[in-house]
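Some notes on the structure that comes next.
Quantities reported herein were computed from a predicted structural model and do not represent experimental measurements.
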Amino acid sequence: MYQKFIINQDGVLKFGHTYLHRDMLSPGERCVYGGGLWKVDENRKVILLYGRSFDFGPPDFEYVRKIDWTGLEGSHYPLLYLPYWPDEKYAKPIFTNTRS
């Protein structure tokens, strides 16, 4: 199993442990904003998001409206996206977008 995330059609960022990103979808749910991989950095107390989903493409964090923490087993650390993993030079913090 791998640590993966997706962003569904409602802008919910979901975390899970699975082989395929599509296995994280509930019935009727679609992943239109991509996904990737994640890992917890215990030293810095952050969750690193990186890579892209082969099923759904790269993540588009502009559409994140809510974060579903249940797949992280209790870790509620700040999120940091690394678009050029493992290079952290361009790391971006991720927040929910509440604009209408």
Side-chain angles (χ1 to χ4, degrees):
M1 298 283 194
Y2 301 98
Q3 296 172 314
K4 296 188 175 192
F5 72 89
I6 60 171
I7 305 168
N8 74 11
Q9 79 274 11
D10 297 322
V12 178
L13 174 62
K14 295 173 60 173
F15 297 92
H17 293 83
T18 185
Y19 289 111
L20 300 172
H21 285 90
R22 67 177 167 231
D23 292 340
M24 295 175 58
L25 295 173
S26 299
E29 189 176 33
R30 295 175 293 120
C31 179
V32 296
Y33 301 119
L37 303 166
W38 63 272
K39 72 177 198 169
V40 176
D41 182 334
E42 293 287 348
N43 292 332
R44 293 186 284 179
K45 303 291 187 213
V46 298
I47 298 169
L48 302 174
L49 308 175
Y50 62 97
R52 65 183 299 274
S53 164
F54 289 112
D55 295 324
F56 304 116
D60 189 344
F61 295 105
E62 288 293 317
Y63 295 96
V64 173
R65 304 286 183 255
K66 180 182 173 187
I67 300 171
D68 180 353
W69 298 99
T70 56
L72 286 173
E73 301 165 352
S75 299
H76 291 201
Y77 295 145
L79 303 175
L80 195 61
Y81 177 53
L82 305 176
Y84 304 106
W85 170 266
D87 185 0
E88 295 188 16
K89 183 177 179 180
Y90 301 100
K92 302 174 188 175
I94 301 301
F95 303 98
T96 57
N97 184 350
T98 56
R99 290 180 283 166
S100 298

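Rounding to the nearest 0.5 angstrom, the gap separating the NZ atom in K66 from the OG1 atom in T96 is 11.0 Å. Taken from CZ in R22 to CD1 in I6, the straight-line distance is 12.0 Å, to the nearest 0.5 Å. One finds the CH2 atom of W85 at 9.5 Å from the CG atom of L37 (value rounded to the nearest 0.5 Å). One finds the CZ atom of R30 at 8.5 Å from the CG atom of D10 (value rounded to the nearest 0.5 Å).
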Audit row: E42, Y77, side chain to side chain donor-acceptor pair (under 3.5 Å) steps and yes/no: CA-CA 9 Å; E42 293 287 348; Y77 295 145; 3.1 Å; yes

Side chain to side chain donor-acceptor pair (under 3.5 Å) evaluation trace for D68 with T70: CA-CA 6 Å; D68 180 353; T70 56; 2.7 Å; yes

Full working for ring pair (Phe, Tyr, Trp, His ring centres under 6.0 Å) between Y81 and F61: CA-CA 9 Å; Y81 177 53; F61 295 105; 4.8 Å; yes

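V12 and V64 end up in different hydrophobic clusters when Ile, Leu, Val, Met, Phe, Trp and Tyr side chains are linked at under 4.5 Å. One hydrophobic cluster, built from ILVMFWY side chains closer than 4.5 Å, cannot hold both Y2 and L72; they sit in different ones. Linking Ile, Leu, Val, Met, Phe, Trp and Tyr whenever their side-chain heavy atoms come within less than 4.5 Å leaves Y50 and V40 in two separate clusters.
When each of K45, R44, K39 is checked for a side-chain hydrogen bond (donor to acceptor under 3.5 Å, both in side chains) with D41, only R44 meets the rule. The side chain to side chain contact (heavy atoms under 4.5 Å, CB included) with F5 is formed by just one residue from the set C31, P59, S53; it is P59.
In this structure, V46 and L79 have side chains that are not in contact, with every pair of non-hydrogen atoms separated by 4.5 Å or more. Using a 4.5 Å heavy-atom cutoff, the side chains of L49 and I94 are in contact.
Here the closest heavy-atom approach between residue E29 and residue K14 is recorded as OE1-NZ, 2.9 Å. When all heavy atoms of I7 and D60 are compared, the closest pair comes out as CD1-O, 3.7 Å. Between L80 and P93, the closest heavy-atom pair is CD1-N, 3.8 Å. Nearest heavy-atom pair across M24 and T18 is CG-CG2, 3.6 Å.
Aromatic ring centres of F15 and W38: separated by under 6.0 Å.
Note on ring orientation: taking the six-membered ring where Trp is involved, the planes of F56 and H21 are perpendicular (angle over 60°, cut-offs 30° and 60°).
Remark: Y63 OH is loosely packed, at most 12 non-hydrogen atoms of other residues, nucleotides or ligands lying under 6.0 Å away.
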